[in-house]
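These notes concern the structure reproduced below.
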2 protein chains.
Amino acid sequence: MNDSYTRTQVNIADLCKAIAHPARVAIVQYLLTQSACVCGDIVDELPLSQSTVSQHLKALKKVGLIQGTVSGPKVCYCINPVVWDEFSSMITPIFNEVETKLNCCQ
Amino acid sequence: MNDSYTRTQVNIADLCKAIAHPARVAIVQYLLTQSACVCGDIVDELPLSQSTVSQHLKALKKVGLIQGTVSGPKVCYCINPVVWDEFSSMITPIFNEVETKLNCCQ
DNA sequence: ATTCATTATCGTAAAATTACGATAAATTTA
DNA sequence: TAAATTTATCGTAATTTTACGATAATGAAT
């Protein structure tokens, strides 16, 4: 059907789009500071309403970068290392390739 | 002024947003295959109109990931390794941090 | 059984993104 | 000088994103 772009191109774009908002970067960074799976108080960390934070969490969850587990009335969000590793292995080759490039336009 | 997010959070978000479209990923990958600074024919590589490609190039140039140099009636676009390196040094610590994490929600 | 706390979803408005054709601007070529 | 080539910008429409308050849904505690 949609063979305009490669699967990798679409995957990279989707993952980058998921991180393409300061609030979602902040969420990821916050989750990385938590040794246990403390969640919910993400709302207190951000200058946004509860419903907006919920939307951002949904965007991160949609691509799998984070994971949500219901525990009672609360939901525990955490980083999903598997998808981050996939992301890393798609973007790192680009970083490496770029390093071999000279800045050809002076 | 805007102290809601750190400069790093905003920078990461802006850079990711610039890559958050399959066409722009394709442009970057195409530029990486060119040893010389061949440009312009990027339009032929993509299933998009000339004006749309120009818009995508503008988005990448805006954050500095690529660079455009006028040479006659043509414009030469190329990767800017400096900004890519900055991007790498902001996102790599996150990859590294993630690797130390277990998938706490089973 | 009610109330409280937590989170997702709905409805909605404003802003941004994406795409195109048409056109302008700049330079080369004839 | 005139015509052709290349690229950016303008105008515009459709879609998506972002944000909020209100509300629903779930489970805990009283």
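Values reported hereafter were calculated over all heavy atoms of this structure, with side chains retained and with hydrogens, waters and symmetry mates removed. By convention in this document, chain letters (A, B, ...) are assigned in the order of the sequence lines, proteins followed by strands, and residues within each chain are numbered from 1.
- From A/Ser4, atom OG reaches atom CG of B/Leu48 across 8.0 Å, with rounding to the nearest 0.5 Å.
- Of the side-chain N and O atoms in B/Lys17, none sit less than 4.0 angstrom from OP1 or OP2 of C/dA16.
- Between the C1' atom of D/dT6 and the CG atom of B/Asp41 lies a distance of 12 Å, rounded to the nearest Å.
- Rounded to whole angstrom, the span from the CG atom of B/Leu48 across to the C1' atom of C/dT17 amounts to 13 Å.
- Across every non-hydrogen atom of B/Pro81 and A/Val98, the tightest pair is CA-CG1, 3.7 Å.
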Atom pairs, N/O to N/O, protein against nucleotides 8-12 of chain D, distance under 3.5 Å?
from, atom 1, to, atom 2, distance (Å)
D/dA8, OP1, B/Tyr77, OH, 2.4
D/dA8, OP2, B/Ser54, OG, 2.8
D/dA8, N7, B/Gln50, NE2, 2.9
D/dA8, N6, B/Gln50, OE1, 2.9

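- Along DNA chain C, the nucleotide nearest to B/Ala59 and the one nearest to A/Lys74 differ in position, and the one closer to the 5' end is contacted by A/Lys74.
- Between C/dT17 and B/His56, no contact under 4.0 Å exists linking OP1 or OP2 to a side-chain N or O.
- Going from atom CG of A/Asp14 over to atom NE2 of B/His21 covers 10.5 Å, rounded to the nearest 0.5 Å.
- The phosphate of D/dA19 has OP1 or OP2 within less than 4.0 Å of a side-chain N or O from A/His21.
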(message) For A/Val28 and A/Trp84: C-alpha separation, side-chain torsions, deciding distance, then whether side-chain contact (heavy atoms from CB on, under 4.5 Å) applies.
(response) CA-CA 11 Å; A/Val28 168; A/Trp84 278 93; 3.6 Å; yes
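- Sequence order on DNA chain C of the closest nucleotides to B/Lys62 and B/Ser49 puts B/Lys62 first from the 5' end.
- Closest approach of B/Lys101 to A/Gln34, counting heavy atoms only: NZ-O, 2.6 Å.
- One can place CD1 of A/Ile27 at 11 Å from P of D/dT18, the figure rounded to the nearest angstrom.
- Between the CZ atom of B/Arg24 and the P atom of C/dA16 there is a distance of 15 Å, given to the nearest Å.
- Closest approach of B/Ala26 to B/Leu46, counting heavy atoms only: CB-CD2, 3.7 Å.
- Between the CD1 atom in B/Ile19 and the CD atom in A/Gln9 there is a gap of 12.5 Å [rounded to 0.5 Å].
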Pairs: protein N or O with nucleotides 27-30 of chain D N or O, under 3.5 Å:
none

Please tabulate, for side-chain N and O atoms in residues 50-65 of chain A, each donor-acceptor pair with protein atoms closer than 3.5 Å (sequence neighbours left out).
from, atom 1, to, atom 2, distance (Å)
A/Ser51, OG, A/Ser49, OG, 3.3
A/Thr52, OG1, A/Ser49, OG, 3.0
A/His56, ND1, A/Arg24, NH1, 2.9

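- Between atom CD1 of residue A/Ile12 and atom NZ of residue A/Lys17 there is a gap of 14.5 Å, rounded to the nearest 0.5 Å.
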